[in-house]
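Residue numbers begin at 1 in each chain, while the letters A, B, ... track the order of the sequences.
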Amino acid sequence: MKTFNITIGGEAGQGLVSVGNILLKAIVKEGWYLFANQDYESRIRGGHNLFQFCISDKPVFVGEPRIDVLVALDEVSMELHQADLADDGVVIYDPTITGELTGRPNLIRIPFAKITEEQHQPRVMANVVAAGAIWALLSDSLTVLDATLTKMFGAKGEEIVNGNKGVAKAGFDLVEKALGKRLKPAKPNVIAPRMILKGNEALPAGALAAGLKFMSAYPMTPSTGVTEFVATHGEKCSVIMEQTEDEISAVNMAVGAAFAGVRAMTATSGGGFALMTEALGLAGSAEIPLVVINAQRPGPSTGLPTRTEQGDLLYGYGMSSGDFPKALLAPGDVEEAFYLMGHAFNLAEQYQMPVVVFSDQHLADSYQTVAPFDLTQIEIKRGSFVAREQAGLDYKRYRYTESGVSPRMYPGFGEGFVVSAGDEHDEEGHLIEDIATRVKMMEKRMAKMQGVLRDALAPVTYGDDQPDIVLIGWGSTKGAIRSAVEILQEQGTKALAIHLPQVYPLPAELEQLLAGPGEKYVVEGNFSGQLQKLLGMEFAWKPAGSVRRFDGRPLNAHYILERLAGGAYYE
Amino acid sequence: MKTFNITIGGEAGQGLVSVGNILLKAIVKEGWYLFANQDYESRIRGGHNLFQFCISDKPVFVGEPRIDVLVALDEVSMELHQADLADDGVVIYDPTITGELTGRPNLIRIPFAKITEEQHQPRVMANVVAAGAIWALLSDSLTVLDATLTKMFGAKGEEIVNGNKGVAKAGFDLVEKALGKRLKPAKPNVIAPRMILKGNEALPAGALAAGLKFMSAYPMTPSTGVTEFVATHGEKCSVIMEQTEDEISAVNMAVGAAFAGVRAMTATSGGGFALMTEALGLAGSAEIPLVVINAQRPGPSTGLPTRTEQGDLLYGYGMSSGDFPKALLAPGDVEEAFYLMGHAFNLAEQYQMPVVVFSDQHLADSYQTVAPFDLTQIEIKRGSFVAREQAGLDYKRYRYTESGVSPRMYPGFGEGFVVSAGDEHDEEGHLIEDIATRVKMMEKRMAKMQGVLRDALAPVTYGDDQPDIVLIGWGSTKGAIRSAVEILQEQGTKALAIHLPQVYPLPAELEQLLAGPGEKYVVEGNFSGQLQKLLGMEFAWKPAGSVRRFDGRPLNAHYILERLAGGAYYE
Amino acid sequence: MSERAKGFTISKETAWCPGCGNFGIVGALGEALDGLGLAPNKVLFVSGIGQAGKTPHYIRGNVLNTLHGRSLPTATGAKLANSQLTVIAMGGDGDGYAEGANHFLHAIRKNVNITYIVHDNRVFGLTKGQASPVSDGGMVTGTTPSGNMNEAFNPLAMAITLNGGFVARSYSASKEHLIQTIQAGINHPGFSFIDVLQPCVTFNKLNTYQWYRARVYDLADEKDYDPTNKTAAWERSFEWGEQIPIGVFYKVERKTLDDNISVTKNESLVDQSCDNLAIQQVIDQFYV
Amino acid sequence: MSERAKGFTISKETAWCPGCGNFGIVGALGEALDGLGLAPNKVLFVSGIGQAGKTPHYIRGNVLNTLHGRSLPTATGAKLANSQLTVIAMGGDGDGYAEGANHFLHAIRKNVNITYIVHDNRVFGLTKGQASPVSDGGMVTGTTPSGNMNEAFNPLAMAITLNGGFVARSYSASKEHLIQTIQAGINHPGFSFIDVLQPCVTFNKLNTYQWYRARVYDLADEKDYDPTNKTAAWERSFEWGEQIPIGVFYKVERKTLDDNISVTKNESLVDQSCDNLAIQQVIDQFYV
Ligand SMILES: Cc1ncc(C[n+]2csc(CCOP(=O)(O)OP(=O)(O)O)c2C)c(N)n1
Ligand SMILES: Cc1ncc(C[n+]2csc(CCOP(=O)(O)OP(=O)(O)O)c2C)c(N)n1
Ligand code: SF4
Ligand code: SF4
Ligand SMILES: [Mg+2]
Ligand SMILES: [Mg+2]
């Protein structure tokens, strides 16, 4: 698949994200498929950040290292990304920032701020000059870019819209003048309606669509976007989002709300997840439906706060003291993220247990074009509740049942009482010490895992039925692995991708796939091979080898293929 | 092996523990080997508690369900334990508490409080009457019991000592009168000097012997005994023990002390461990030697606070976000607990990482006779430190080395600076964002695991070289498994016990043992088979079956053998 | 079902020591709620872990017995989800002033409409007598063999400093006073805080029934005492020795968290269904 | 090595925004320490996570950059292990008054001999501008789109209530004042707390340099101000509006945690070796 790749590099605070946002919308409006990821430092101003676009006439699942257009908004951009530039790659730079660049073709010099000055526009519009310049490499016409600017700045009045259009045109013209009319990236044959959004929008939107009513959270990168999204849009959807003093309060507040009968969640990351693990056990013991989004970032400890990693899988597996029912989900892309939140809440409520949804910075901050979300596809299964006539004084919150699921009731719903406890308890929820009740209650709780397993999301596969090589991954590596498989197939290798949107409990089908044809490789974004270990735990199984990345950057197809070619066989 | 088993049952606050303490000392003084465990509820007064003694002329490793002497200090004792009474078992009871008992032989009626009254002694001495009564079934003479009472109450003056002796004799005489002189349990041929203590004494004593200088903790059953032991004896050993506002403070305070250069630890349990996991990652990232005792109790959540379980193994394995070096230890008995603390601190300091020592309520509260501890056996290995002449301004806390171990320095020791961070950092300890440093620093840290693995404690084995059946366990199940193997051998089965005092990293020898002869069973005190999963993770290995207990009570040989006979094959 | 069984009080075996001050609290709590005419199925007790944390198991009503130190955020979440419930959070002094003190501060700031009752026995009861943040200086315990050396925490002064809307102290053996204080706390709109002096007959040999009896006096008996005077209330909260005041120290009307949340102006969250139109609108922003 | 390099100040690229109030703090801190004649290798900076938490990386000395909210217990442990070190804990207002507020309370109670400097920009800087416990009411942020509705936390009033030995406020743009306050804090035996008003030029558009300039005044300029009067100090700490006081609000001599620990009377813990005789004695109790 041929993609067209744009990298914008610059300091935080320079308006990189503004250029990015304009382009995102314009590119999608023009009809392309798009994948865009962001790479930024743990600081507010300065540093070296990236906004990278990968554009194609076919769906794109992940970024690519090759750069067709490099926009250098800082001095180091050239130095750092030169090696990835395609031979006919174009560099757009502002000489007042980077100095004059020489030594390769297609260096296009555009003094962004100077142009805004010349046009008597505010300096902040320098970004729009850059957007216009880039647009000249994508389209022969400014129509769609202009429309995008009109939509984005319309609320600020015509003058501002026109100012933006003017500077965009200046950038556009300078590039056209420098390079002439180049061949533009191919467009899809059919241009269906499409949305563009990132994981940190898809997850909370999915939560709202799944009937979220309450969220409590404490900010932590890269989960904060989820929290702020719910805060921003919650009110109109009748959802409360409460910022707390710490993550302990956040998770327990959500537990309280869920106990009282509403769908509740929290979102966090790394150290915040650590502080929540005690309450995950409470939700397990007291059988309270709780959804926690853990947006992973590289550890150990505070690690690399704004980078990506898949380093919390085994932490999630162990999660808290003792054994209790739970599920671990791991959406692989924006679309999956949206719909999977429904599954998360359904599992949480049907089985009255904690569910962790693993995101990571790569999923959180990467934009993808997707088919319009369909709310009718989301089925809300709230699980078993007592009828009002059974809500009398003999109501027992933890009634023994074969499925292990005891019908729920909200406190206040009926005449009876809802009594819940994190200590071991009897059917009524009161504390016990005896062996018989303990054993029965443990078995009742754990019996729920059979249902959870039955409802487990199937592995998602792409590629050949009878593969020679199989790449297995989870979470945000989905696109990278799928792309790697497609490239292998293009190269004539029979290949299969297995993506796991649910990592615990693992569906039985997976064991068959693992026993099936092909040399298996586990591909993941952590040092120790946590998925591989999990597969060992569950199936006493070992792959032929594995590909791992732990430098804080996302996996991509080329990284995987290079490692495979290099025979990177870990134990 | 023939054991003589005494069970004392009664309410909390009735002086059960006092009777127990007198007997412990007297029994050991008389020369027997002893194992004694305690079973109590999460309350201060009332409930039904047990103090159980298992006495023999050979070393005893675990309790036994069969009861030879039942002392009933409450009404329910007879009801609950009657079934375990040996046919010639003796019941000692106080009719003023339990009412008159009938229906079986050897019911001995002793109104404890009434006897103290008759002798004009305070009611609290009722326990001593019971101790005297029990003693009549152990010995023909009061000499050793009298000596024990003299030692225990000597500080309170002769009158009190004599009072105690008097009531003890009354109890003793009544039993002798009722039963005549019975055959007493056999005594060891050689009576070597022996100590008697429980895990919650051995662990902190071991820590002191290993050079502990600082402890900070927040109380949580069953770890509190460790904390109080260090508080009590710390001062005279120049050790600071600080009670904190919560477990987060406790673990971070220990991190601070360890960073400043002293051996530091904390102790906790369940939910407290959850709150510490964030700082475990900090210790991993910043490479700070930290020892955490996790005294497990049954989860999930607050669970059964005063009972036992081995439910935190995978929680410890996952421990915190991301991958970092660590070790997990699991002493199996009182003696191992003492010496293993030295190993824990040595690992922590040599590899500059967190080490978790798993205890549990069974180990914490069970008494065992052991050979005198030998301080000279404890070698303190503090790991690599810079010499003063290298402690200059070019000192780098995280210098890259082949072993991954960077020589330490205390802040203030030299001219240079010690700079540590939980964020990813460079050799100097300052924050970084780049790929190259991240990868090097991850690899440096993880390289240490090779050394940790080299120093891993070997599996401890008992039994046949060429076994037909192999029982594998970790932590406090050691005695139960060893006893089960001994019984199997007595029954003519070739059996082997494999006890793992270190559960992570697992020594390579273990893989050989797992591949060796015999049908393997994993025996553990949790629902889901956490050790079994760990072995799957590390070795992609599966046992033939497993024995698990999750009712909050300790494993014992009979429980194991019954399950094995019943063919309890879990997956 | 007898009439009696319709109220809050049950007689049930407890896990407390005979003579424990907790009996006075659970008794007064039941009578206070009965007196207010509340229905047990509309009341939710949220407790932490400790001897005090077991209280909800000995009274009729809904119960969420959470984690050590975490009753307040959990109670807040439950109240926000269902404002129809009368929510009473409770726990010990270790629970509230050690493990959970951060939540105490911030619950007062949020001013959620719940009542928080601390069973203040000035010691960690359930873990066998260690010093708590309110233990007297010099107290010898298992963790402080040379005597507790930390400055005692003053929860009332803290709550007043944070402008808590209802800050009171009562005493577990002053039944009428405790009943009235609990009722006033529940009636107060916003966060009400009641520290209840509670003798622990097993571990606290200092702050005994006898000791309190000689010292406790009611602020209400003092004609001039003005519970709206913040500074005076704060100063009075430091009185601890020969004389120990009980009663409402400080009262102020503040907007509650519920007042500030528009979503639940008309209906409890738990009674609201999803507004698919609004959600569709949120999603529509992603079309370009 | 130049003379300069012997002091605390280094010039190094920071991760802060140009104009950030943190520059004033790190500059004053370096000068304060230089002025006290301390050697950088005998000083330990312990910080949390946030923009403020990065400070120790931009000054010479020993550093332990810990977790969000956890600088105080970590600093306490380090100080108890080596009382020879001058220990300075630091972090942001989110770090200290949200995530870490429980440690703040209890560190004051323990009165360990360290200095705690809070870079108080009244906002979560590093996570991009959410409300902190000290943010003004009504502040619109990413998590409070309808305006922050919680009562602001008053750290000075809290510290005074807890009888903190040294409770001060300074301002990052009042260099001399800040230097002197830091020096006085370090010289104070016991826990010293300094809340430093710090403009965040990126996220706090309310509490700006200009805003502070018009409001800040020094308590020391007020002849009658008596920092040993606890009630007056507490009342003054609520002044926030047209006039904002800086300076030492409250001062009292209290026994420090170190005073109370006999083990380290003569020698730092880190310099003490094991007393095998004492340990043997402990073990000997297990012989019967
Ligand atoms: C996270 C956590 N830490 C510690 C404990 C152990 N623990 C149970 S109750 C308690 C303190 C009890 O004191 P308090 O809260 O005053 O209640 P009381 O028993 O005195 O009523 C502690 C430390 C726990 N259950 N969870
Ligand atoms: C346990 C945990 N929760 C949350 C975070 C994310 N986080 C980093 S800094 C910060 C707050 C920053 O505010 P403040 O402490 O005031 O420092 P500032 O950046 O304003 O100096 C947060 C919430 C974290 N690192 N760890
Ligand atoms: S230990 Fe104290 S608080 Fe707990 S039940 Fe007994 S008397 Fe009450
Ligand atoms: S965001 Fe605010 S606090 Fe952080 S560096 Fe920038 S100005 Fe300073
Ligand atoms: Mg208490
Ligand atoms: Mg701040």
Chain A heavy atoms under 4.5 Å from C/I49: which part of the residue, side chain, backbone, both or neither?
side chain
Within 6.0 angstrom of A/Q377 CD, more than 12 heavy atoms from elsewhere
yes
Contact class of A/V239 relative to chain C, heavy atoms under 4.5 angstrom
backbone
Residue from C/T66, C/V270, C/L80, C/L44 scoring the most non-hydrogen pairs under 4.5 Å with chain A is C/V270
Of the backbone (N, CA, C, O) and the side chain (C-beta and beyond), which part of A/A209 lies under 4.5 Å from a heavy atom of chain C, both, or neither?
both
State whether the side chain of C/N41 and the backbone N or O of A/F417 hold a donor-acceptor pair below 3.5 Å, judged by distance alone.
no
Looking at C/V282, C/V46, C/L67, which makes the most heavy-atom pairs under 4.5 Å with chain A?
C/L67
Bottom line for A/S216: the part with an atom under 4.5 Å from chain C's heavy atoms is neither
Between A/E245 and C/R109 (salt bridge meaning N to carboxylate O under 4.0 Å), is one present in this structure?
no
Looking only at side chains, do C/Q281 and A/H233 share a donor and an acceptor under 3.5 Å apart?
no
Just give me the residue among C/Q84, C/Q280, C/R70 that pairs up with chain A most often, heavy atom to heavy atom, under 4.5 Å.
C/R70
Side chain to side chain contact (heavy atoms under 4.5 Å, CB included) between C/D275 and A/K236, worked out
CA-CA 9 Å; C/D275 181 347; A/K236 54 180 166 290; over 6 Å; no
Most contacts with chain A, counted as non-hydrogen pairs under 4.5 angstrom, among C/G61, C/S268, C/S273, C/A75
C/G61
Is there a side chain to side chain contact (heavy atoms under 4.5 Å, CB included) between C/L64 and A/V419? Walk through the geometry before answering.
CA-CA 6 Å; C/L64 182 49; A/V419 178; over 6 Å; no
With the side chain counted from C-beta on, respond yes when C/Q285 and A/E201 share a heavy-atom pair under 4.5 Å apart, and no when they do not.
no
Whether C/H57 and A/H430 hold their rings parallel, tilted or perpendicular, with breakpoints at 30° and 60°:
perpendicular
Which region of A/E433, side chain (C-beta onward) or backbone (N, CA, C, O), has a non-hydrogen atom less than 4.5 Å from a non-hydrogen atom of chain C, or is it both or neither?
neither
Turns out that what part of C/I261 lies under 4.5 Å from chain A's heavy atoms comes down to side chain
Heavy-atom distance under 4.5 Å to chain C: side chain of A/A279, backbone, both or neither?
both
Can you tell me which of C/K42, C/Q272, C/K54 forms the most heavy-atom pairs within a distance under 4.5 Å of chain A?
C/Q272
Atom group of C/E267 that falls short of 4.5 Å from chain A, counting heavy atoms:
neither
Does any backbone or side-chain atom of C/L269 lie under 4.5 Å from a heavy atom of chain A? Answer side chain, backbone, both or neither.
both
Minimum heavy-atom distance between A/G211 and C/C274, given as atom pair plus value:
CA-SG, 3.2 Å
